[in-house]
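Read through the structure below, which is laid out as structure tokens, and then see the notes.
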Amino acid sequence: MNWELIFGQIKWTSFVFAGMIENPSLSEAIASGAGSIAVLGALGTVVLLTVKGWWVPLWRDWLTSVDHKKVGIMYIVLALVMFARAVIEAALMRAQQLAATDGGGFLSADHFGQLFSTHGTIMIFFVAMPFITGLMNYVMPLQIGARDVSFPLLNAISLMLTMAGAVLIMVSLVVGQFSTGGWSAYPPFTGIEFSPGEGVDYWIWAVSLGSIGSTLTGLNFAVTIYKKRCPGMSLFRMPLFTWTTLCTSILMIFAMAPLTAATIMLALDRYAGFHFFTNGDGGNMMNYANLFWLFGHPEVYILILPAFGVWSEVVATYSSKRIYGYTSLVYATMCIAVLSFAVWLHHFFTMGQSANVNAIFGIATMIIGVPTGVKVYDWLLTMVGGRIRLTTAMLFHINFLLTFILGGMTGVLLANPGIDFQVHNTLFLVAHFHNMIIPGVLFGMFAAVQFWFPKAFGFRLHEGLGRASFWCFAPGFLLAFFPLYWLGMMGATRRTFTWSNPDYLPWFALAMLGAALILAGFAFMVMQIVVSVRRRAELAAPLGDPWDGRALEWSIPSPPPAWNFAVLPQVTARDAFYEAKKDGTAYRSPAAYEDIEVPRNTATAPLIGLFACAWAFGLVWHIWWLVIVSFVLIWAVVIARSFATHTEEIVPAATVKAANEAFLAAVRATPGVTRDQEMTAANRGRAIPESLEASAGALAAGAAVEVTR
Amino acid sequence: MAGVTALAMPCAASAAGFLEPAGPVAAAQLSHFGTISALMLIVIVPMFVALPLVLLRYRRGGKGTYRPDWEFNWGLELLIWGIPVALVAALGTALWNHTLKNDPYRPLGPAPLVVEVIALDWKFLFLYPEQGVATLDLLVLPKDRPVTLKLTSGTVMQSFIVPRLAGQIYAMAGMQTQLNLIADATGDFTGRNTQYNGLGFATQSFTTRVVSAEDFASWVTGAKAQPAGLDAAGYKALLPPSVVNEPVIYGRFTPGLFDQIIASFAPGMAGGHQGHEAPAGTGTPAAAAPAAAHQHDAHTPEAAQ
């Protein structure tokens with residue numbers, strides 16, 4: 001048999017362990033170790049699933065589910081798993097740079113190149129994107145009073161395509177090398193002439209799968225928000241998180257396409273001898289830079305806007321107060337979304353265009369600072385007149401306000417072409433975008449987990465360990481990245497695995513300390529989840545409203561039933577649930593129940609994901625039979641699905657009624673808790689609204705209004 | 001936490017970056033950095049002052065009056081929109097003036113010294129057309145004379161910078177970019193590529209040696225006496241990736257080499273240019289002609305053809 005026909009370009013030396021055997025070194029040992037962890041992790045999962053007998057529940061209840069809540073949770077689990085890998089990679093790079101005075105250190109140049117490429121690619125496409133997508137998935141339909149997204153199956157397919165991309169990147173730990181072209185993969189370096197081999201192909205196909213998934217998500221969510229809002233939920237009554245989800249979805253629709261185009265064109269260059277971005281023969285890498293950043297700049301707003309939404313929810317809830325300047329915040333968000341398409345050129349002021357062009361894009365970039373500044377001060381003013389509880393999520397928010405505006409300051413500095421000429425491609429730039437993404441997006445997502453975890457699982461997270469993780473994360477971030485500003489100004493270039501200026505050493509040492517603190521913070525976070533699961537009885541808040549919440553998602557049980565709302569809510573104001581609690585109209589029994597249609601589980605999405613992963617793997621390794629077979633199978637699944645007619649099932653009104661009345665009875669039987677008892681075992685998820693606490697007696701007695709409509 | 005950066009300022013004397021400018025371009029960049037930072041404090045300081053006060057006053061159990069329904073105030077609204085708008089107007093004006101005045105393409109005086117820079121894998125080749133000498137990984141410049149660097153790449157895209165003299169600009173194959181600068185202090189300054197281009201990237205730096213006009217003249221004389229010359233074949237031998245440990249000086253080079261290198265990437269060159277071949281030994285006049293004529297209006301990095 002012909003080896004290449006079956007296995008394409010895979011050789012035994014492609015496996016990471018071969019490098020260790022042929023050329024033993026610490027760098028190779030680390031690579032092999034990482035490969036082993038990936039393999040053992042996968043094996044361990046298989047063993048665990050088998051021993052516990054979880055295969056069937058995993059398949060039946062999760063992988064085949066099209067429920068937006070389960071899809072959302074799976075997205076977030078994916079993000080956390082990938083975060084674990086990418087944050088360890090970051091710490092490795094910091095350790096290397098600390099050890100690397102005058103050519104020291106333990107990583108080879110090639111290994112370091114792969115590390116910064118996988119770190120960036122994973123953090124953006126397989127941590128930040130799934131995290132925000134998962135959160136939007138979980139929360140947005142609940143906030144607009146919907147039973148699901150508009151296209152539940154498409155939603156599951158988006159997830160599975162993203163997961164296929166993530167699996168592909170994990171496979172690259174074991175089989176073959178990854179690209180060294182960074183997360184932006186600029187040609188001609190990533191062209192076939194300068195980067196032969198499978199590395200860049202791994203990047204291309206992993207990112208392409210993720211970007212197609214995100215495009216579909218954007219379409220799905222935008223349609224959902226336009227079409228599935230409950231009665232009375234006008235656009236200007238939507239919670240701010242839903243607003244930011246809408247803006248992000250619109251950005252996804254328009255911004256992911258240029259990325260997909262760029263990766264496919266790069267693939268054509270590499271596979272089919274095209275010359276889009278090659279040196280010479282009419283190719284021009286400047287087109288890639290434009291396409292990539294036409295995606296890349298909106299992308300940062302795709303990430304930050306949902307986090308802004310989280311901050312709006314968190315600050316209002318934990319200040320027990322209406323958000324200040326709702327309309328202002330909505331317009332600011334829309335301004336940001338529109339302007340985000342008008343600034344991409346600031347990623348390459350140094351490409352030689354005229355000063356006028358640079359100046360225009362520089363000013364456009366600064367203009368984005370206006371709505372962003374407005375938002376920051378809106379959040380501050382939200383606290384004014386409130387009663388602020390310094391919970392973990394709120395601590396993250398306070399940290400965000402202070403550090404984010406410093407990142408905004410360095411962003412405005414970078415918007416100046418003259419300054420960018422000096423600090424572009426240095427650690428100053430690295431510090432800047434981490435300064436926006438870590439306190440803004442990542443900590444925003446962590447705050448969201450603290451905030452919505454009880455909604456998703458029915459019990460709160462352990463507050464003490466949450467605070468411990470915050471007190472590692474926040475100073476860890478400052479230590480890890482503020483020295484980088486200074487290093488960048490001293491001229492330290494990004495992506496260097498070794499350096500010779502002795503002045504850098506103390507700053508790299510501080511950065512390493514920061515990285516260690518961030519790792520500790522992550523360890524506390526994992527511990528927090530484990531401990532909380534163990535003590536879930538004590539932390540239980542099944543009645544759905546542990547934080548005295550404001551939007552509709554807090555009006556239903558935790559975790560919510562598959563159909564979310566027993567009867568679609570009727571909304572008459574912003575902060576609908578909070579107003580209802582205040583007016584005493586919350587927790588009323590509806591006049592009548594109806595049958596509810598919910599989508600049936602289906603194997604369509606996981607099968608498409610599986611075959612897409614195989615297809616991409618075949619492309620990476622030129623295993624053409626696999627490419628053809630899996631491509632045919634993907635479409636066979638799609639066609640087979642199109643013949644399925646029995647795709648929905650009916651939940652009878654009686655079932656809905658029984659569940660909902662049981663929930664309402666439990667709520668009425670439970671005395672509400674004040675905010676002082678928020679973190680105690682007394683908090684079962686029935687809140688006394690802060691503004692009614694003075695007259696709490698009557699309510700706490702469980703005399704809740706019980707009116708039929 | 002801005003404190004970390006601020007405290008570090010005094011002990012930065014030995015830093016190599018644009019914090020110690022050695023020419024008017026880098027000096028202007030540093031002062032612009034200061035201007036923008038100072039202006040930004042207008043929106044940053046209020047947050048650092050107000051947030052702790054608000055937290056203290058409106059924390060649960062604090063003295064602030066609880067007004068759960070307060071959500072808008074026109075005066076504050078005008079303030080939080082108005083101040084950033086006014087600030088951006090000021091910042092934008094500063095940006096516009098600085099950017100146009102310090103356009104890297106704008107010559108900084110009459111009769112600049114022209115140096116042609118070719119970025120190669122993990123080294124820079126410098127051609128001095130006026131002097132007829134060439135160097136590898138050594139850029140020697142006379143003090144106080146305007147310098148025009150014309151850049152291209154013989155390989156992947158790179159970014160050329162000498163931080164103490166001026167900011168960076170990309171060097172791209174088949175295209176020419178420009179960087180104008182003046183050095184007003186003598187000394188050795190590090191220059192480097194900042195765009196990742198493979199295994200030797202971390203060590204792709206070179207020395208920029210600024211000397212007095214007389215020393216420059218004598219350096220040129222000495223360089224011309226070097227036996228080694230650079231022709232198309234010699235250039236081709238430089239193409240394979242390598243790190244240069246000791247700078248190389250060539251006493252002469254084939255005139256028009258720079259334009260030939262750019263032209264070699266143009267579409268439809270005889271025999272294509274598989275493996276980005278070095279230009280033919282005798283550059284075709286048509287291919288080599290245009291650079292000088294384009295000096296002023298050829299603002300965008302454009303192919304020589």
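What you see below is based on every heavy atom in this structure, not just the backbone, and it leaves out hydrogens, waters and symmetry mates. Numbered from 1 within each chain, the chains take letters A, B, ... in sequence-line order. Small disclaimer: the values here were computed from a predicted structure and weren't measured.
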Decide yes or no for [X] and [Y]: does some side-chain heavy atom of the first lie under 4.5 Å from some side-chain heavy atom of the second?
{"X": "A:I419", "Y": "B:L30", "answer": "no"}
{"X": "A:T350", "Y": "B:P104", "answer": "no"}
{"X": "B:Y58", "Y": "A:M383", "answer": "no"}
{"X": "B:R59", "Y": "A:R389", "answer": "no"}
{"X": "B:F48", "Y": "A:I405", "answer": "yes"}
{"X": "A:Q422", "Y": "B:Q168", "answer": "no"}
{"X": "B:F18", "Y": "A:M489", "answer": "yes"}
{"X": "B:M175", "Y": "A:N284", "answer": "yes"}

Considering all heavy atoms, the nearest [X]-[Y] contact:
{"X": "A:M409", "Y": "B:S37", "result": "CE-CB, 3.6 Å"}
{"X": "B:G92", "Y": "A:I363", "result": "O-CD1, 3.7 Å"}
{"X": "B:L199", "Y": "A:A109", "result": "O-CB, 3.7 Å"}
{"X": "B:W70", "Y": "A:K321", "result": "O-NZ, 2.9 Å"}
{"X": "A:A415", "Y": "B:L95", "result": "O-CD1, 3.4 Å"}

Heavy-atom pairs under 4.5 Å with chain A: which of [options] has the most?
{"options": "B:H98, B:Q195, B:K101", "answer": "B:Q195"}
{"options": "B:L100, B:L91, B:D69, B:I161", "answer": "B:D69"}
{"options": "B:L51, B:N73, B:N193", "answer": "B:L51"}
{"options": "B:N197, B:T65, B:N102, B:T203", "answer": "B:N197"}
{"options": "B:L76, B:T99, B:V88", "answer": "B:T99"}
{"options": "B:P46, B:G62, B:S159, B:G61", "answer": "B:P46"}

For [Y], is there any backbone N or O sitting under 3.5 Å from a side-chain donor or acceptor partner on [X]?
{"X": "A:Y377", "Y": "B:V43", "result": "yes"}
{"X": "B:E71", "Y": "A:R322", "result": "no"}
{"X": "A:Y326", "Y": "B:F72", "result": "no"}

Under 4.5 Å from any heavy atom of chain B, what part of A:A316 do you find: side chain, backbone, both or neither?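 The answer is neither part of A:A316.
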Which pairs of donor and acceptor atoms, one on a side chain in residues 77-86 of chain B, lie under 3.5 Å apart (sequence neighbours left out)?
residue	atom	partner	partner atom	Å
B:E77	OE1	A:Y324	OH	3.1
B:E77	OE2	A:S328	OG	2.4
B:E77	OE2	B:W81	NE1	3.2
B:W81	NE1	A:S328	OG	2.8

Within 45° of the six-membered ring axis of B:Y196 and under 6.0 Å from that ring's centre, is NZ or CZ of A:R495 located there?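 Ring-cation test returns no.
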Of A:L429, A:T493, A:T496, the residue whose pairing with B:T194 passes side chain to side chain contact (heavy atoms under 4.5 Å, CB included):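 Of all the options given, the one that passes is A:T493.
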Report the distance from atom CG of B:D103 to atom CZ of A:F421, rounding to the nearest 0.5 Å.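 The CZ atom of A:F421 is 7.0 Å from CG of B:D103, to the nearest 0.5 Å.
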Between A:E690 and B:R60, is a salt bridge (Lys or Arg N to Asp or Glu O under 4.0 Å) present by the stated rule, with each step listed? CA-CA 11 Å; A:E690 178 85 349; B:R60 206 175 150 74; 2.3 Å; yes
Check whether the side chains of A:N416 and B:H32 place a donor and an acceptor atom closer than 3.5 Å, and report yes or no.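 Their side chains do contain a donor-acceptor pair, which is all the 3.5 Å distance test asks for.
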